[in-house]
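Just so we're clear, the structure is a prediction, and the values are computed from it rather than from any experiment.
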Amino acid sequence: SDQDPHSFGLHAASMLEKKILDLGPENVAAFIGEPIQGAGGVIIPPDSYWPEIQRICKKYDLLLVADEVVTGFGRTGEWFASSQYGIEPDLMTLAKGLTSGYMPLSAAVISDKIADVILAEGVELQHGYTYSGHPVSCAVALENIKILKKENLIMKVKQETSPYLWQRLQELKTHPLVGEVRLKGFMGAIELVKDKNKREFFEPLGKVGTICRDHCFRLGLIMRATRDTMMMSPSLIWTKDIIDEFMVLAKKALDYTWEDVQRL
């Protein structure tokens, strides 16, 4: 889009209101979204987007559900991305960072607004599965959260390592393959394009991303490719030295990919 980020954020949010009106407000119960879209390509919204989404949800009395499975527990440099964007969710889904992936565990956070309705008649909120609240997973989650606090990892990401990674990523902007780099906390992406001036993608979309991903793997670097977007989700314990090592490998992968592209 040629719009400035603020205007584009409002425009994107307006699509929600349009859809609500198309369906009829009485037929829409809730809006669910990731504060930052993860697997879709690390799509970081303009600051104007979520406040407008929240205004629209309140206007039509919709529940707002924040999917913090990826963004929760420090990924964006805050405990939860909802607080970062000023989102006041009615429900919040959590997983991944809850245990740092060492054991499977997920959770749903319910606001007082919803809980009060459910419990108004004194009924019990029953929501569970066979392995819900598994004691081993819960023990790992408690220890994981304790370490996040004790080692001040989230603040280190916000104040030290994420700013340094962002600084280093700027070096990639001059690479002929790189159209854009984006980062929020330790959640980032490198967008590969055919022509950065025209903002033109390769065709078929995804082929070049796969080539780059394979070079990363051969170099011992893990970066996921969604279409032609190379995505990174570093461990919160990354240091500046590790970031330097990452940049060496990422540049090599991009150079090897560029050589392959010339032969396509």
Let me see the working for Leu105 and Met103 under side chain to side chain contact (heavy atoms under 4.5 Å, CB included), right down to the final yes or no.
CA-CA 6 Å; Leu105 186 67; Met103 287 292 290; 5.8 Å; no
Yes or no on side chain to side chain contact (heavy atoms under 4.5 Å, CB included) for Val69 and Ser106, after CA distance, side-chain angles and deciding distance?
CA-CA 8 Å; Val69 167; Ser106 61; over 6 Å; no
Before you tell me yes or no, could you show the steps for Lys146 and Lys149 under side chain to side chain contact (heavy atoms under 4.5 Å, CB included), namely the whole-Å CA-CA distance, both residues' side-chain angles and the distance that decides it to 0.1 Å?
CA-CA 5 Å; Lys146 186 187 299 183; Lys149 291 179 177 179; 6.0 Å; no
When you look at Arg224 and Arg213, which way does the side chain to side chain contact (heavy atoms under 4.5 Å, CB included) test go after all the steps?
CA-CA 6 Å; Arg224 180 178 179 179; Arg213 180 205 64 192; over 6 Å; no
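When side chains are defined from C-beta on, Arg218 does not count as touching Tyr256, because their heavy atoms never get closer than 4.5 Å. Contact annotation: the side chain of Lys198 never approaches that of Val193 to less than 4.5 Å [non-hydrogen atoms, C-beta and beyond]. Residues Leu177 and Phe202 are in side-chain contact: their nearest non-hydrogen atoms beyond the backbone lie under 4.5 Å apart. Taking the side chain as every heavy atom from C-beta outward, Asp244 and Val248 never approach each other to under 4.5 Å. Between Asp260 and His215, some side-chain heavy-atom pair lies under the 4.5 Å cut-off. Counting heavy atoms from C-beta on, the side chains of Val208 and Thr257 come closer than 4.5 Å. Between Ser137 and Pro104, the closest side-chain pair of non-hydrogen atoms falls below 4.5 Å. Between Leu254 and Lys251 there is no side-chain heavy-atom pair separated by less than 4.5 Å.
Of the inter-residue distances, the one linking Leu148 atom CG with Ile237 atom CD1 reads 11.0 Å to the nearest 0.5 angstrom. The CE atom of Met231 sits 7.5 Å away from the OG1 atom of Thr229 when rounded to the nearest 0.5 Å.
The shortest non-hydrogen separation linking Ala225 to Gly209 is CB-O, 3.4 Å. Counting all heavy atoms, side chain and backbone alike, Thr161 lies closest to Trp238 at CG2-O, 3.3 Å. The shortest non-hydrogen separation linking Ile114 to Asp90 is CD1-O, 3.6 Å. Across every non-hydrogen atom of Leu64 and Cys57, the tightest pair is CD1-SG, 4.0 Å. Between Gly188 and Leu183, the closest heavy-atom pair is CA-CD1, 3.7 Å. Across all non-hydrogen atoms, the minimal contact from Ala253 to Leu219 is N-CD1, 3.6 Å.
Counted within 6.0 Å of CD on Glu180, heavy atoms from surrounding residues, nucleotides or ligands total more than 12; the atom is thus considered enclosed. The number of heavy-atom neighbours closer than 6.0 Å to OH of Tyr102, taken from other residues, nucleotides and ligands shown, is 12 or below. More than 12 heavy atoms of other residues, nucleotides or ligands shown are found within 6.0 angstrom of CZ on Arg182. Within a 6.0 Å radius of NZ in Lys19, other residues, nucleotides and ligands contribute 12 heavy atoms or fewer. Open room surrounds CD1 on Ile222; 12 or fewer heavy atoms of other groups in view lie less than 6.0 Å from it.
In terms of hydrophobic clustering, with Ile, Leu, Val, Met, Phe, Trp and Tyr side chains grouped at heavy-atom distances under 4.5 Å, Val261 and Met230 are assigned to a common cluster. There is no path of hydrophobic side-chain contacts, each under 4.5 Å, that joins Leu142 to Leu236.
With respect to Lys58 and Glu88, a salt bridge is recorded, a charged nitrogen being found less than 4.0 Å from a carboxylate O.
One side chain, Asp67 or Thr93, offers a donor N or O that lies under 3.5 Å from an acceptor on the other. Defined by atom type and a distance below 3.5 Å, a donor-acceptor pair is missing between the side-chain atoms of Glu17 and Ser14. Asp255 and His175 share a donor-acceptor pair across their side chains, judged by distance under 3.5 Å alone.
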Tabulate below the donor-acceptor pairs under 3.5 Å that side-chain atoms of residues 22-47 make, not counting sequence neighbours, or state none.
from  : atom 1 : to    : atom 2 : distance (Å)
Asp22 : OD2    : Lys18 : NZ     : 3.4
Asn27 : ND2    : Leu23 : O      : 2.7
Glu34 : OE1    : Gly38 : N      : 3.2

Validation: residues 72-81 side-chain donor-acceptor distances under 3.5 Å, sequence neighbours left out:
from  : atom 1 : to     : atom 2 : distance (Å)
Arg75 : NE     : Ser233 : OG     : 3.4
Arg75 : NH1    : Phe186 : O      : 2.6
Arg75 : NH1    : Ser233 : OG     : 3.4
Arg75 : NH1    : Pro234 : O      : 2.6
Arg75 : NH2    : Pro234 : O      : 3.1
Thr76 : OG1    : Gln84  : OE1    : 2.6
Glu78 : OE2    : Lys158 : NZ     : 2.7

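A side-chain donor-acceptor contact under 3.5 Å links Lys196 to the backbone of Val178.
Residues passing the side-chain contact (heavy atoms from CB on, under 4.5 Å) test with Glu203: none are found, sequence neighbours excluded.
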